[in-house]
Amino acid sequence: MEEGARTTTRTALLSESSSTTTLNLVLSTLVATCGSYTFGNAVGYSSPAESGIEDDLGLNTAEYSIFGSILTIGAMLGAVFSGKIADFIGRRGAMGVSEIICILGWLAILFSKDAWWLDIGRFLVGCGIGVLSYVVPVYIAEITPKNVRGTFTSFSQLMIGFGQALTFLTGSLVNWRTLALIGIIPCLVHLLGLFLVPESPRWLAKCGRIKEFEAVLQFLRGENADISQEAADIIEYTENIQWISEDGILYLFQRKYAYSILVGVGLMVFQQLGGLNGFTFYTSVIFESAGKLRDYSNYSCLIERIISIIIEKGRHNSCCMTGFSSKLGTIAAAVVQILMTVLGVLFIDKCGRRPLLLISVAGTCLGCFLTGLSFFLQDLQSGKELIPILVLIGVLVFLGSFQLGLAGIPWIIMSEIFPINIMVSAGSLVTFVSWVGAWIIAVTFNFSFGWSTAGTFFIFAGICGVGILFIAKLVPETKGRALEEIQISITHSLQ
């Protein structure tokens with residue numbers, strides 16, 4: 001009987017209502033991505049606020065380093081409980097709770113008089129964005145039809161970038177307390193906006209609230225859309241999967257879930273260990289050597305420093321920097337990132353996830369190799385005229401390639417591949433792995449950089465090379481497929 005249900009579910013290829021994009025769908029997505037803006041705003045805060053906090057509160061470099069890095073610790077904790085929260089009170093409720101936590105954190109920072117309250121506030125903000133990093137892409141994936149799911153989910157990464165960039169820009173104009181106060185605004189906008197959007201229809205179906213599920217699905221697809229087939233497919237899949245109540249960490253290690261767990265965790269590992277934090281912490285090491293340690297947990301807010309310092313270092317070592325300036329490098333990096341992010345959004349549902357991921361990882365591999373080669377030539381005291389240009393090209397290639405796919409697509413695939421009965425534990429695990437990966441690189445990079453500057457980036461290039469093979473051999477294409485269809489095919493691929 002169970003096998004018959006499986007067969008029926010497999011053969012009913014889940015053709016969602018081919019409705020056009022509706023205003024309600026766009027509004028719901030925009031409200032959800034306010035959480036992504038909150039995410040970007042949070043990680044972009046520490047860099048522009050540093051000098052003001054150190055001057056006003058008398059923090060030393062070690063204390064400020066703790067303030068910056070404790071965000072990651074909070075995000076790891078938030079990631080652990082993100083799935084449970086989203087499953088217990090719903091996707092919309094989880095986003096609301098996250099924003100309340102973030103608001104409390106920003107208030108603690110705003111009114112802090114010493115390092116203790118700063119750290120508490122930063123930790124709370126980290127907990128909030130740890131939950132948001134999971135629930136926002138999941139919510140968007142669950143409300144959108146298959147033909148535009150990738151595009152709409154990609155807006156999450158776009159908003160993270162905007163949040164980082166605008167926070168860095170605003171931070172150069174206002175003091176750190178005002179910047180913390182401004183940080184509350186997107187939280188409030190998101191919190192209020194949640195009253196205007198519906199709960200995830202798939203979560204409602206899982207909870208057995210069928211009438212609400214159908215009403216929400218109709219609301220999202222349009223008043224005149226025929227949702228009968230899509231609703232029937234979702235309900236059938238949910239009812240079949242409910243027979244297997246296996247949501248727990250231990251259940252994830254069953255053979256039938258091995259493929260989806262391997263893909264989700266693997267993509268996060270390559271996202272975090274493939275060089276992103278290497279470029280980020282290259283800058284921090286240079287500042288440390290100058291006697292001023294800084295926290296650089298986000299690269300977008302540090303493009304200007306990365307480019308200008310690398311070019312100045314190149315000038316110092318080669319005494320030749322014709323044709324380039326730090327200002328030109330900064331503009332080039334910003335243009336490349338914006339262009340590649342927009343291209344990723346435009347092409348993800350046309351080209352597919354796998355092609356963009358392969359191009360993205362190949363580009364980051366090339367960027368890491370070029371950067372490593374420049375340091376190798378520097379160690380050999382060879383090609384001095386070429387070194388600054390080579391580093392600049394390496395940085396631009398890496399940042400642009402990363403934004404094209406590797407920055408956001410792993411989160412999109414994470415929201416698509418896990419069956420609803422393990423979504424809580426699997427999603428939390430993958431989000432946790434992402435934050436742990438960022439923390440590991442933060443802890444170990446200085447040691448590897450001290451061992452060999454060129455070797456560090458060559459290792460990153462090697463990791464990216466393995467990532468190309470991983471994506472080519474294991475990552476499934478999810479473009480144009482209903483969530484239920486994807487999850488059925490992956491779950492039964494090893495049976």
Side-chain angles (χ1 to χ4, degrees), residues 6 9-10 14 16 32 78-88 90-91 94 130-144 146 149-150 153 156 200-207 233-234 236-271 353-354 357 408-435 470-471 474-479 481-495:
R6 286 180 178 176
T9 310
R10 284 187 201 134
L14 307 171
E16 297 179 64
V80 170
F81 296 102
S82 59
K84 288 292 184 184
I85 295 172
D87 198 50
F88 184 68
R91 289 27 170 168
V131 177
L132 288 171
S133 64
Y134 164 80
V135 73
V136 170
V138 168
Y139 175 79
I140 298 174
E142 290 182 344
I143 68 172
T144 49
K146 61 186 180 182
R149 189 176 58 241
T153 312
S156 175
S200 161
R202 285 177 168 87
W203 181 80
L204 292 171
K206 181 189 176 188
C207 296
D233 290 337
I234 293 173
E236 179 187 3
Y237 175 78
T238 304
E239 288 177 348
N240 287 335
I241 209 72
Q242 292 284 46
W243 287 96
I244 314 172
S245 181
E246 297 180 341
D247 195 14
I249 291 295
L250 295 179
Y251 288 109
L252 300 182
F253 299 98
Q254 297 181 61
R255 187 171 183 268
K256 60 184 175 181
Y257 301 134
Y259 182 27
S260 58
I261 296 298
L262 178 62
V263 170
V265 171
L267 285 175
M268 292 302 176
V269 168
F270 288 113
Q271 181 194 61
R353 281 61 155 163
R354 276 167 49 89
L357 271 177
I409 293 180
W411 294 102
I412 296 174
I413 293 179
M414 180 273 291
S415 68
E416 295 175 326
I417 61 175
F418 296 127
I420 197 167
N421 64 307
I422 65 165
M423 174 61 82
V424 171
S425 299
S428 296
L429 174 65
V430 169
T431 307
F432 179 74
V433 167
S434 176
W435 286 105
F470 177 86
I471 293 167
L474 293 175
V475 176
E477 180 55 73
T478 59
K479 181 192 75 169
R481 303 169 69 190
L483 293 180
E484 290 72 27
E485 180 187 348
I486 296 167
Q487 293 157 10
I488 289 169
S489 64
I490 289 178
T491 301
H492 298 299
S493 62
L494 295 179
Q495 293 186 340

dist S156:OG -> Y139:OH (nearest 0.5 Å) comes out at 13.5 Å
Nearest heavy-atom approach of R91 to M423 is NH2-CG, 4.3 Å
Interatomic distance, OG1@T478 vs NZ@K146, rounded to 0.5 Å, equals 12.5 Å
Worksheet entry | Test item: Y259 side-chain N/O and L474 main-chain N/O as donor-acceptor pair under 3.5 Å | yes
- prompt: How about F81: does its CZ atom have over 12 heavy atoms from other parts shown lying under 6.0 Å from it?
  reply: no
When every non-hydrogen atom of S200 is compared with those of E142, the smallest separation belongs to OG-OE1, 2.5 Å
When you measure from the side chain of T153 to the backbone of G150, do you find a donor-acceptor pair of N or O atoms at a distance under 3.5 Å?
no
Note: P410 and L357 closest approach over all heavy atoms is CD-CD2, 4.3 Å
If you define the side chain from C-beta out and look only at heavy atoms, does anything of W411 sit under 4.5 Å from T431?
yes
For I422 and S260, the nearest pair of non-hydrogen atoms, with its separation, is CD1-OG, 4.5 Å
Between P201 and I143, the two heavy atoms sitting closest are CD-CG2, 3.8 Å
Rounding to 0.5 Å, atoms CE (M268) and CZ (F432) come to a distance of 13.5 Å
Step by step, work out the side-chain contact (heavy atoms from CB on, under 4.5 Å) result for V430 and Y134.
-> CA-CA 9 Å; V430 169; Y134 164 80; over 6 Å; no
When rounded to the nearest 0.5 Å, the distance separating OG of S428 from NZ of K84 is 8.0 Å
So CD1 of I409 and CE of M414: to nearest 0.5 Å the spacing works out to 13.5 Å
Beyond-backbone contact of P137 with I412, side-chain heavy atoms, under 4.5 angstrom: no
d(F418 CZ, I261 CD1) to nearest 0.5 Å is 4.5 Å
Between L483 and S415 the two heavy atoms that sit nearest each other are CD2-O, 4.3 Å
message = For a 4.5 angstrom cut-off between non-hydrogen side-chain atoms, does P476 reach I486?
response = no
Of I413, L262, I417, the one forming a side chain to side chain contact (heavy atoms under 4.5 Å, CB included) with V475 is I413
So the salt bridge (Lys or Arg N to Asp or Glu O under 4.0 Å) pairs with at least one residue in residues 408-423 (sequence neighbours excluded) are R149-E416, R353-E416
